[in-house]
Each structure stands twice: as structure tokens, then as C-alpha cells.
Amino acid sequence: MSKILEKELFSKNVAKFIIDAPSIAKSRKPGHFVIIRLGEKGERIPLTIAGSDVEKGTITLVVQKVGVTSAKLLSMEAGDEIRDVVGPLGEATHIEKVGTVLCAGGGVGVAPLLPIIEGFKKAGNRVITVLAARTKDLIILEDQVREFSDEVIVMTDDGSSGKKGLVTAGMEEVINREKVDLSVVIGPAIMMKFAALTTKKYNIKTYASLNTIMVDGTGMCGACRITVGGKTKFVCVDGPEFDAHQVDFDQMLTRLGAYKDEELKAYERYMETVQNA
Amino acid sequence: MENIIDYLKAERSQEWRAELRKSMKAKERTSAKRAEMPEEDPNYRNTNTVEVNKGLTEKQAFAEAKRCLDCPDPTCIQGCPVGINIPKFIKRIDQGNVLEAAKVLKETNGLPAVCGRVCPQEKQCEASCFYTIKMGATPVAIGFLERFAADYERNSGKMAVPEISENNGIKVAVVGSGPAGLAASGDLAKYGYDVTVFEALHEIGGVLKYGIPEFRLPNEVVDVEINNLRKMGVKFVPNFIVGKTASFDDLKEQGFQAFFVGSGAGLPRFMNIPGENYNGIFSSNEYLTRVNLMNAAKEEFDTPVISGKNVAVIGGGNTAMDSVRVAKRLGAERAMIIYRRSEEEMPARVEEVKHAKEEGIEFMNLHNPLEYYADDKGRVKSVKIQKMELGEPDASGRRRPIPIEGSEFIIDVDTVVVSVGVSPNPLIPKSLSQLKVTDWGTIVVDPNTMQSSMPELFAGGDIVRGGATVILAMGDGRKAAAGIHKYLSEKVKA
């Protein structure tokens with residue numbers, strides 16, 4: 001059992017949770033994720049760790065409502081307990097001094113990107129971050145990102161904050177202006193696909209952190225497998241970060257939709273129980 | 001070894017056994033027919049998770065126990081990876097003292113109710129039975145009797161907790177709670193160690209829980225055995241990945257002086273053929289985990305599973321049989337095995353193949369998948385398969401399957417389960433750079449003590465063997481416990 005110590009709503013469907021998990025807080029590094037299961041009948045879902053406090057023994061998770069489990073989690077409050085939290089899982093981000101790092105975060109992808117931004121900054125890199133979302137309310141953690149970035153460019157689809165346009169426009173603005181040595185992109189699969197296409201055009205090495213469907217998260221089941229450079233890789237043990245130019249994002253998008261029908265039905269059932277309650 | 005022979009002789013010469021032997025003529029014993037396992041009706045059982053084998057009745061068990069000749073040279077014991085004193089436990093049943101029989105089993109086997117169900121006895125003890133090797137007759141049903149004694153004890157409510165030595169306060173960590181880890185922890189507790197078992201998943205039991213389906217091994221049976229270990233003082237910590245949640249060094253700092261790694265072969269193999277990553281194609285590990293561990297088939301559980309109408313399972317092992325029989329139970333109209341060799345070479349137990357056939361599973365032996373095709377949503381819709389024929393024996397001694405050119409054809413499938421083996425889980429070796437591993441990623445150990453290249457670390461089960469059986473894993477666990485005991489005893493003295 002892991003207790004939720006704090007909850008902060010970023011918007012109607014996005015919340016930050018501070019969770020009591022001392023061992024994970026101590027062991028985790030940027031790029032790592034955890035698997036959680038809310039209750040006895042819950043499913044196991046992966047969530048990338050957005051930060052930790054070793055002294056307090058806590059980890060930070062940022063969750064967007066996309067299905068039953070995330071909806072249930074968002075309905076939980078400080079003091080509630082999550083039945084299972086296991087981790088840290090996956091390979092940590094390889095952080096070193098490379099020069100200029102262009103980070104791009106879409107939606108809640110900014111949360112797992114934050115420790116990576118911090119890591120690269122502390123390793124002595126110039127860090128430029130592009131934050132992108134549909135609209136102003138969905139831009140999260142902007143202040144924290146600014147703390148560790150030399151420059152932050154905000155992009156919104158509707159222009160309600162920063163500049164109007166897609167994440168790729170913000171990235172190209174930087175690339176056309178100065179030399180970029182490395183790029184890290186985290187966000188929805190479709191966003192990462194186009195961000196990767198953009199940096200490929202300019203031959204900039206790029207990492208993407210993939211959020212595929214998982215069950216155990218330890219390499220046992222292969223639900224998370226995707227094709228990278230023509231070979232099948234397991235996101236949970238080989239990743240979650242991969243060379244974005246080698247990832248078959250179309251396959252990833254298809255695989256993310258494997259349970260679309262089942263998920264929709266389950267969500268409708270859940271909403272009925274919530275409304276009846 | 002001589003000690004064991006002497007011990008067995010002394011046991012055999014005890015009065016009660018001598019009397020039992022005299023009570024019936026050998027000819028009378030050998031003339032009786034082997035007991036048949038009562039089974040659930042195939043057309044009923046293939047719609048639910050009820051256990052297929054119902055267990056021998058008392059009458060059957062007592063009759064079967066009489067068949068055992070209590071040989072002077074019990075070759076059956078040599079066929080048992082954990083060295084159960086087989087004639088002794090069978091003769092206790094023969095005597096009518098079933099609780100005592102269960103105690104005999106537990107002298108060397110912490111999980112008799114599990115082994116009685118899933119061990120391939122026909123390749124082990126029963127293959128070495130006097131009836132098999134000397135008479136060319138059907139062996140004593142050792143496995144059925146093991147299960148009978150264990151179930152009898154469990155249902156009696158008088159379960160014996162094995163005697164344990166006084167707690168010596170020395171902490172030993174067991175990594176993984178599958179059969180290897182459970183066997184090791186039981187023995188380590190008996191030696192008096194302070195044992196903590198760390199498990200990555202949220203459930204204790206490893207493959208016994210996530211892998212083997214309810215209809216072959218009910219979870220309740222496993223839980224009773226785990227609770228027995230708890231009564232012996234073994235502590236279980238779920239959701240803890242050694243090497244990730246905490247390093248081996250962290251655990252050493254916490255006082256753990258030796259480690260047993262039984263982390264299993266948790267990395268499924270795929271065939272790397274075109275289309276294998278389409279939706280609706282699972283590894284058997286994923287398919288079985290969703291259904292067994294996550295209860296995906298039940299609506300009140302959140303984990304989904306795709307329950308197809310046309311399900312193909314690729315492979316011929318026990319896991320393939322489990323998967324295809326699960327598919328049938330989830331409502332498949334057509335559940336089939338696609339296997340590249342013939343039934344004779346199948347690694348699955350004969351009993352599992354028989355049960356599968358009774359339940360309406362189709363077998364496409366001597367067939368091999370070449371490519372999958374998907375619909376416009378990326379869901380598998382068909383598979384191209386090729387016919388095979390058998391050539392000369394290969395390294396495994398089995399005849400090599402050879403493709404027949406031009407024999408390819410396509411069949412409709414909406415779900416595929418790939419069950420072609422597993423590789424060792426990489427998490428532990430990755431976290432210990434100084435640990436010696438083979439090119440296949442299995443941990444290198446001394447086969448007698450199970451000690452690895454790191455003196456304080458012992459290993460066994462699939463992480464050493466690459467893919468074997470529950471009982472071999474348990475045998476490793478026991479051997480490693482003895483190895484750890486020797487290692488720590490010498491260390492304490494030094």
C-alpha cells in the first residue's frame with residue numbers, strides 16, 4: 001500500500017500526486033517509471049516518474065484522465081491508498097554533457113520530461129524547452145521547467161498561451177537559429193512521431209520516451225513491444241527511451257489502440273457506477 | 001550418497017513396512033490395474049475454470065498404494081528431482097495413515113499438492129518405477145498418490161507445519177517467489193535462517209500464479225502452501241524488484257548475508273516473422289498473465305483481454321496447451337495448436353495433450369506460421385502457414401522439421417498466442433555487472449551448490465536453466481538452500 005500524500009489538480013483532467021514510496025524515491029533516476037494497481041480488481045498501468053524527494057520518501061506522478069484507471073486515480077484524494085506501486089522500472093535516461101539539448105514536451109509528457117531537463121541542465125548543457133498543448137490550461141509545470149531551462153518556448157494550438165502552432169514549429173524555430181546537439185521528446189505518440197520527423201530532417205539525434213501498454217513492466221509479457229530499427233524491442237526493459245528516428249510510431253499508435261473497444265466499454269461501465277453512486 | 005542409501009534401507013526395514021510387505025503377495029500387487037484419474041466432463045470443463053483432474057477417491061488411492069512393491073532398490077527416488085522417499089509415503093497410504101504420508105512428502109518437498117498436479121511424473125519417478133523398467137507395465141501412479149496425500153492433509157484441517165531449527169538471526173534474501181524461491185525459502189527456514197522473499201509482482205507464487213491456469217492448478221492450492229511457509233516464519237515482500245527497488249548492496253547494508261535468485265525465465269521469445277506485432281498477437285506469458293493473474297476474463301476486473309473466435313496457439317509445450325485451453329474457455333469457436341513437429345516430439349505432457357483433444361482443441365501438427373496479415377485497424381485477421389515434414393534428428397535428438405516448399409496456405413485467425421519458449425529475465429544480470437552469465441543470459445552456477453561467481457549469491461530454476469519445469473526449479477531451490485547453509489556455516493566459523 002502506498003499513501004497519496006498530496007494531490008494538486010492542474011486542470012479538470014490532469015492532476016499531480018505526491019506518493020509515499022521511500023525505496024523508489026531513493027533508487028529512481030530520470031526516465032524511470034513505476035507500475036501501479038489501484039485495487040484488488042485494478043489493472044496494472046505504467047506511469048513515468050516526474051520527480052522525487054528522497055528525504056521525504058516520496059515520488060511525484062502526473063496523471064491525465066484517459067481511461068478507467070486514470071479516472072479512478074483522479075477521483076482519489078490525499079490520504080487514500082494505492083494498493084500496488086512497483087519500481088523504478090526501465091532504463092534511466094543517459095545524461096551527459098553534449099552541448100545544447102532541445103527538449104520538447106506535449107501535454108502530460110512534460111511531467112516525465114522535467115527530471116530529464118533538470119538532469120541535462122545540471123550536467124552543464126544549454127537546455128531549451130518547447131512546451132506544447134492544445135490550450136493554455138493544459139500547459140503544465142511551466143515554472144518548474146523554466147527553473148532548469150535556459151529558454152522556454154510555449155506553443156498552443158489555439159494561441160491562448162505563448163505562440164500559436166504545433167510543437168514542431170517551436171522546435172524548428174530553435175533549430176533554424178542555433179546548433180542543437182541532442183533532442184528529447186516526450187508526449188502523445190502522434191506528437192513524438194512528428195517531432196522525430198522534424199529533427200530527422202536536420203539530422204539531430206533524438207530520444208523519445210514511449211508510453212505503451214504494459215502488464216508486468218519487467219519484461220515478462222511483451223505487451224509493450226514495438227519495432228525499433230526493424231527489430232522488436234520491449235519498452236519496459238529495453239526502454240522506455242529509444243532513438244526516436246528508429247521507432248515505428250505508426251505501429252506504436254496501432255498497438256496503443258489494441259483495446260480501444262474494451263476500454264470504451266469499461267469506461268462507460270465505470271461512468272454508470274459513478275453516476276449511480 | 002551412501003548415507004542416503006543406508007538411511008533408505010533403515011527406513012525400509014522398520015517393522016511397519018516389513019509387515020505391510022508381508023501382508024500381500026507381490027503377484028497380487030502387480031496384478032491390480034493402475035488407478036485412473038477421475039476427470040471433469042470435457043464439454044463442461046471447457047466452459048469454465050473448474051479443475052480438470054478431480055483427484056483419486058480414497059478407495060482408489062488405497063488400492064493404488066497396494067500396487068507399490070516397496071522395492072529394496074527404489075529406483076523411483078532417483079527419478080525425483082527433490083528425492084522424495086516415495087515408497088515410504090506410498091506405504092503410509094497403504095497403511096491407511098494418510099496424514100503421515102503427507103509428512104513424508106514434506107520432508108523433501110514443500111509443495112506436494114503443486115507437484116502432484118504439475119510434475120511430469122511420466123518422465124521422472126514413474127519412468128523409473130520398477131513396473132516401468134523391469135516389467136514393462138504401467139507404473140504405480142506416484143503423482144496421483146502424491147496429490148491425494150497432500151489434498152487429504154489440506155482438507156483435513158490438520159496441516160503439519162514442518163519442524164524448524166531455532167532462528168539463528170542470519171538474514172537471507174530470496175529473489176522471486178516462484179517454485180525455486182518457495183522451495184529454497186522452505187528449506188532455509190528449516191535450517192533456522194531469517195528468510196525474506198522479494199517478489200516483483202503483486203502476487204506471491206510466480207509462474208504458479210501467473211502462468212499455470214486455474215483448471216490445472218487452483219490458486220487456493222498454491223496459497224495454502226505459501227501460508228504454510230509464512231507459518232514457518234518466511235516473510236514475503238511483493239512489489240519489490242531486487243536490483244531496481246533496492247540494489248543487492250542496499251540489501252547487504254540491511255544485513256542480508258546471502259541471496260538466492262530464482263527470478264525465472266520471464267522474457268518471452270517471438271519468431272520474428274512479418275506481422276508478429278499486430279494487435280491480437282500475444283506471447284503466452286501475456287495471454288496467461290492477463291487471464292490468470294489479472295482475471296481479465298471477469299467483467300468486474302479492469303484488465304482487458306481479447307477473446308477471439310479463431311485462436312491459433314503457436315508451439316507444442318505445456319504453456320501452449322495451457323494457452324489454447326484458456327482460449328477455448330474464453331469462448332473460442334476454433335482453438336488450435338500450430339506445431340512444427342509431430343505429436344511424438346511434442347514437449348507437452350501426454351496428459352495435457354489428451355485433455356486438450358478431449359476439450360475440442362484442433363491440432364495442426366507439422367505446420368509452421370510464416371506471416372501474419374491484419375485488417376485496416378491493425379488487428380490480425382489471418383496467418384500464412386507452411387506444411388513441414390520430419391528429417392534427421394537434430395541436436396535435441398528430435399527429428400528436425402523441414403518446410404515443404406509450395407505447401408503454404410492461409411487460414412483466418414483473430415487471436416494468436418506465441419508460445420515458442422522464453423529467455424532468462426535480464427533484470428538481475430543487468431543490475432550486477434560482476435555476475436557471470438552465459439551468452440544466453442542464464443546465471444552460471446556450480447551445479448552442486450548452485451553458487452554463482454559471486455560467493456554470496458546462489459541461483460536456480462529458469463534463470464539458470466533457461467526454461468524447465470516446476471519440479472526442477474524446486475530441486476534447484478533445495479540444492480541452493482543446502483549450498484547457502486554450507487556457505488554461511490563456514491563463514492560464521494571463520
Side-chain angles (χ1 to χ4, degrees), chain A residues 1-2 21 23-24 26-28 32 34-35 37-45 67-69 72 83-91 215-227 231-232 234 237-238 248 250-263 265-266 269-270, chain B residues 199-203 206-207 210-211 237-241 243-247 250 263-270 272 276-290 293-296 298-307 374 377-379 418 422-427 430:
Chain A
M1 289 282 194
S2 298
S23 301
I24 302 173
K26 197 174 151 218
S27 311
R28 74 100 208 175
H32 279 148
V34 290
I35 294 261
R37 191 176 72 129
L38 294 181
E40 184 105 41
K41 292 175 180 169
E43 62 183 335
R44 295 171 66 98
I45 63 159
V68 172
T69 301
K72 282 182 183 170
R83 193 180 168 96
D84 303 295
V85 179
V86 62
L89 292 159
E91 294 282 299
V215 184
D216 64 288
T218 62
M220 199 185 81
C221 82
C224 64
R225 69 191 192 275
I226 45 138
T227 304
K231 289 202 175 103
T232 294
F234 286 13
V237 286
D238 299 322
D248 183 343
D250 292 331
Q251 183 186 74
M252 180 180 161
L253 280 160
T254 306
R255 287 187 64 78
L256 280 170
Y259 295 97
K260 226 183 207 162
D261 297 347
E262 288 81 0
E263 281 162 4
K265 267 185 248 160
R269 269 200 308 272
Y270 169 69
Chain B
E199 166 57 47
L201 290 172
H202 57 262
E203 277 267 347
V207 72
Y210 74 74
V237 181
N239 295 323
F240 196 105
I241 303 172
K244 286 276 185 190
T245 310
S247 67
D250 291 337
S263 51
L267 198 72
R269 273 192 219 137
F270 287 92
N272 296 314
E276 210 173 18
N277 291 345
Y278 285 135
N279 290 339
I281 303 180
F282 303 86
S283 73
S284 48
N285 268 3
E286 181 185 355
Y287 192 65
L288 292 173
T289 298
R290 282 181 182 273
L293 182 72
M294 306 306 297
N295 288 292
K298 295 180 191 154
E299 202 175 82
E300 68 270 28
F301 284 78
D302 290 340
T303 302
V305 68
I306 289 171
S307 38
K377 286 180 183 155
R379 168 88 184 259
V418 182
V422 283
S423 301
N425 193 294
L427 286 183
K430 255 191 198 174

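Taking CG of Leu293(B) as the start and CE of Met220(A) as the end, the distance is 7.0 Å to the nearest 0.5 Å. Annotation: the span from Lys231(A) atom NZ to Asn272(B) atom CG amounts to 9.5 Å, rounded to 0.5 Å. One finds the OG atom of Ser2(A) at 7.5 Å from the CG atom of Asn239(B) (value rounded to the nearest 0.5 Å). A distance of 9.0 Å separates CD in Glu286(B) from CG in Asp216(A), rounded to the nearest 0.5 Å.
Proximity to chain B is absent for every atom of Glu263(A), based on heavy atoms less than 4.5 angstrom apart. For a residue to count as touching a neighbouring chain, one of its non-hydrogen atoms must lie under 4.5 Å from one of that chain's; by this rule Phe234(A) touches chain B with the side chain only. For a residue to count as touching a neighbouring chain, one of its non-hydrogen atoms must lie under 4.5 Å from one of that chain's; by this rule Arg44(A) touches chain B with backbone and side chain alike. Contact of Val305(B) with chain A is made through the backbone alone, with heavy-atom distances under 4.5 Å. For a residue to count as touching a neighbouring chain, one of its non-hydrogen atoms must lie under 4.5 Å from one of that chain's; by this rule Lys72(A) touches chain B with the side chain only. The contact between Thr289(B) and chain A is made entirely by side chain atoms (from C-beta outward), counting heavy-atom distances below 4.5 Å. Within the 4.5 angstrom heavy-atom criterion, atoms from both the backbone and the side chain of Leu201(B) approach chain A. Contact of Tyr278(B) with chain A is made through the backbone alone, with heavy-atom distances under 4.5 Å.
Using modelled atom types, one side-chain atom of Lys430(B) and one backbone atom of Val237(A) make a donor-acceptor pair closer than 3.5 Å. Ser283(B) contributes a side-chain N or O that, together with a main-chain N or O of Cys221(A), makes up a donor-acceptor pair within less than 3.5 Å. Between the side chain of Lys244(B) and the backbone N or O of Gly90(A) there is at least one donor-acceptor pair closer than 3.5 Å.
At least one side-chain heavy atom of Met294(B) sits under 4.5 Å from a side-chain heavy atom of Arg37(A).
A pairwise comparison of heavy atoms in Asn277(B) and Gln251(A) identifies CB-NE2, 3.3 Å as the closest pair. Closest approach of Ser27(A) and Thr245(B) over heavy atoms only: OG-O, 2.6 Å. Nearest heavy-atom pair, Pro268(B) versus Gly219(A), reported as atom, atom and distance to 0.1 Å: CD-O, 3.2 Å. Considering all non-hydrogen atoms of both residues, Arg255(A) and Asn279(B) come closest at CA-OD1, 3.3 Å.
Ranking Thr218(A), Val34(A), Thr227(A), Ile24(A) against chain B, the residue ahead of the rest is Thr218(A), based on heavy-atom pairs under 4.5 Å. Comparing Ala223(A), Ala266(A), Gly222(A) by heavy-atom pairs within less than 4.5 Å of chain B, the highest count is held by Ala223(A).
Between Phe282(B) and Tyr259(A), the two ring planes are tilted [angle within 30° to 60°].
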